[in-house]
Amino acid sequence: MLDLKLLQREPASVAKALALRGSSIDVAEFTALDERRRALLVESESLKGERNAVSAEVAVLKRSGGDASSRIERMGTVNARIKVLDQELELVQAEQNAWMLAVPNMPHASVPEGKDENDNPVLHAWGEPPAFSFTPREHWELGEALNGLDFDRGAKLAGSRFVVMRHWAARLERALVNFFLDIHTREHGYTEMLTPLMVNRETMTGTGQLPKFADDLFKLDGWDYFLIPTAEVPLTNLHSGEILEESMLPLAYTAQTPCFRSEAGSYGKDTKGLIRMHQFTKVEMVRFAHPDRSYEDLELMRVHAETLLQRLELPYRVITLCTGDMGFASAKTYDLEVWLPGQNKYREISSCSNCEDFQARRANLRFRRAGGGKPEYLHTLNGSGLAVGRALVAVLENGQRADGTVVIPKALRPYMDGLEVIG
RNA sequence: GGAGAGGUGUCCGAGUCGGCCGAAGGAGCUCGCCUGCUAAGCGAGUAUACGGGCUUAAACCUGUAUCGAGAGUUCAAAUCUCUCCCUCUCCGCCA
């Protein structure tokens, strides 16, 4: 959610910033709503002030045995008017709130301008795509041939975009999870968390999934619970409503969770393989940063994600999302794209974003500077570290050999009982 | 699922027959003093949100709201009523 005061003071510059990301707001509509809200508020509050004053007089009169009936009678009409005003006010406030919740975050000044994913500049690349003396296969061929990925049974049990992982594949998934978590907790200073996998409406609103993107979520029938699409949701909402000490910042959390996504609107995209599933595992990093230093935190988090790919010896590149390609809540995002020889292209495996105070305002995440002062919104960041299913894909496709076997990256072997080759 | 207890400010904790409660008291924190040693003493201050006034802005002044959430009764509710949520205890059930 954007700052109400900023919208009141400089609606034109807000609109300009949002236009960069291809989003338009109706400034006139906002201004009209806000002015209406304030007019109602002024009248209602002044009448309530009168009522409070008269009530005090009534109290005095009653205690001294005086007659307060005329004042009480007069308050009857005042109360009727207050009731009408407050009902109207509630409607206007609800409308304004809905309006505010539907507006995306503004891009940071350092974000390159652009229209869509074709305008995302490459920040840097690491590693060389391996050269094969044969035509590299896609991961689902390898996975099925090696009897590890069972898409047929996944479909039988649940439907399309589900998989059953067997034997080495299940083990590899767990190895990746443990490897990622170990590095984040031992070397990067993150605290490992285990959170609910379903959360309530308020939590989903705090990070921005609701109210606008309900179609992307799985909701439980008969319960006001939603399956989390990423651990970002429970982790970022962890301290909602709290006021943290400045000395506690930055807080760094990591969690591995299944992620559930309806993938509505992605029909026909990535229908084969593990790339786009209704359920996938992801290790997430979330940071609660000091607003003065949140962009340093973003660079740090990006490096944390990159470290994992380097240890796995997987070639990748980093792109900066342009203004037109960023997510709803983000002010700046880096995507890590890993090289997939089977597809012969780079595919997203991590997304690291600084949401600044956009989520903090929704979820009421604040801190107080040392030495007192008013609480301020902190900045929230989130990044994949990494998407486990896609990491498994990358390991298979990059490690494959002509005979159909797959070499496991050295860093992962301790997590696989020393196994060096699959197949 | 059954029975009971409870949800108050950063924290702990008082709120009697509804009014003088934004809320006693304590801790913590901030500032000042004192002391001269890692502690103590003294004094003052210390909620948030949204409006209005003033202002370049802030400070400041002022109003309203907030004592789990919502609704109701009343001139007036932390205090009464109802619904819901959450926590705790006991029983049942269960991994």
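Here is the naming used below: chain letters follow the sequence lines, and residue numbers restart at 1 for every chain.
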Rounded distance in Å between the P positions of A69(B) and A78(B):
12 Å
For A76(B), does either OP1 or OP2 sit under 4.0 Å from a side-chain N or O belonging to N79(A)?
yes
Whole-Å distance, L85(A) CG to C50(B) P, equals 21 Å
Partner of A69(B) under the Watson-Crick or G-U wobble criteria, both distances under 3.5 Å, comes out as U83(B)
Checking base pairs now: Watson-Crick or wobble, both atom distances under 3.5 Å. What partners C88(B)?
G4(B)
Between Y377(A) and V54(A), which is nearer to the 5' end of RNA chain B once each is assigned its nearest nucleotide?
Y377(A)
I want to check one thing: is the phosphate of G19(B), taken as OP1 and OP2, less than 4.0 Å away from some side-chain N or O of R51(A)?
no
Nearest of G52(B), C75(B), A71(B) to any side-chain atom of V42(A)?
G52(B)
For a quick check of understanding: with a heavy-atom distance under 4.0 Å over all strands, which category does R74(A) fall into, base, sugar-phosphate or nothing?
nothing
Need to verify one output field. Residue with the more 5' nearest nucleotide on RNA chain B, S46(A) or I243(A)?
I243(A)
Between K156(A) and D152(A), is there a side-chain N and carboxylate O pair less than 4.0 Å apart?
no
Taking only the side-chain heavy atoms of K62(A) (C-beta and beyond), determine which of G19(B), C50(B), U64(B) contains the nearest atom.
G19(B)
Side chain of E45(A) only, heavy atoms from C-beta on: which candidate in U48(B), C50(B), G72(B) is closest?
C50(B)
Please work out whether the ring planes of H188(A) and H184(A) are parallel, tilted or perpendicular, with thresholds of 30° and 60°.
tilted
Going by distance alone, is a donor N or O of one side chain under 3.5 Å from an acceptor N or O of the other, for T254(A) and E192(A)?
no
Distance, rounded to the nearest Å, where Q96(A) contributes CD and C50(B) contributes C1'
11 Å
Report the distance from atom CD of Q93(A) to atom P of G70(B), rounded to the nearest whole Å.
12 Å
Taking a pair to mean Watson-Crick or G-U wobble geometry with both distances below 3.5 Å, C42(B) pairs with G32(B)
K48(A) has an atom NZ; how far is it from atom P of U62(B), in whole Å?
21 Å
Establish, yes or no, whether a centroid distance under 6.0 Å links the rings of Y295(A) and H379(A).
no
Which one, C75(B), C50(B), U64(B), comes nearest to the side chain of I72(A)?
C75(B)
Under 4.0 Å from OP1 or OP2 of C50(B): is there any side-chain N or O of R38(A) that close?
no
What contact category does Q8(A) fall into here, base, sugar-phosphate, or nothing, at under 4.0 angstrom with non-hydrogen atoms?
sugar-phosphate
May I ask you to say whether D357(A) pairs ionically with R362(A), meaning some side-chain N is under 4.0 Å from a carboxylate O?
no
Assign the ring pair F162(A) / H278(A) to parallel, tilted or perpendicular, where the plane angle (0 to 90°) is split at 30° and 60°.
tilted
Note, V111(A) side chain near M106(A) side chain (heavy atom, < 4.5 Å)
no
For nucleotides A71(B) and G4(B), find the distance between their C1' atoms and express it as a whole number of Å.
26 Å
Between N364(A) and A49(B), is there a contact of a side-chain N or O with OP1 or OP2 at under 4.0 Å?
no
Taking the P atom of each, how far is G63(B) from G7(B), in whole Å?
31 Å
Rounded to the nearest Å, what distance is computed from the CD atom of residue E242(A) to the C1' atom of nucleotide G9(B)?
15 Å
Span that lies between the C1' atom of G18(B) and that of A23(B), in whole angstrom
15 Å
In this structure, how many angstroms lie between the C1' atom of U46(B) and the CZ atom of R369(A), rounded?
19 Å
Rounded to the nearest Å, what distance is computed from the CG atom of residue L61(A) to the C1' atom of nucleotide U74(B)?
17 Å
If pairing requires Watson-Crick or G-U wobble contacts with both distances under 3.5 Å, which nucleotide is the partner of C93(B)?
none
Between A77(B) and U89(B), how far apart are the P atoms? Round to whole Å, please.
36 Å
If we take the C1' atom in both U56(B) and C42(B), what is their distance in whole Å?
42 Å
E90(A) CD - C50(B) P separation (whole Å):
18 Å
What is the base-pairing partner of C75(B), counting Watson-Crick and G-U wobble geometry with both distances under 3.5 Å?
G19(B)
Which is true for R366(A) with a 4.0 Å heavy-atom rule: it touches a base, it touches only sugar-phosphate, or it touches nothing?
sugar-phosphate
Given C50(B), U64(B), U48(B), which nucleotide is nearest the side-chain atoms of N52(A)?
U64(B)
Which nucleotide, if any, forms a Watson-Crick or G-U wobble pair with U64(B), using both distances under 3.5 Å?
A49(B)
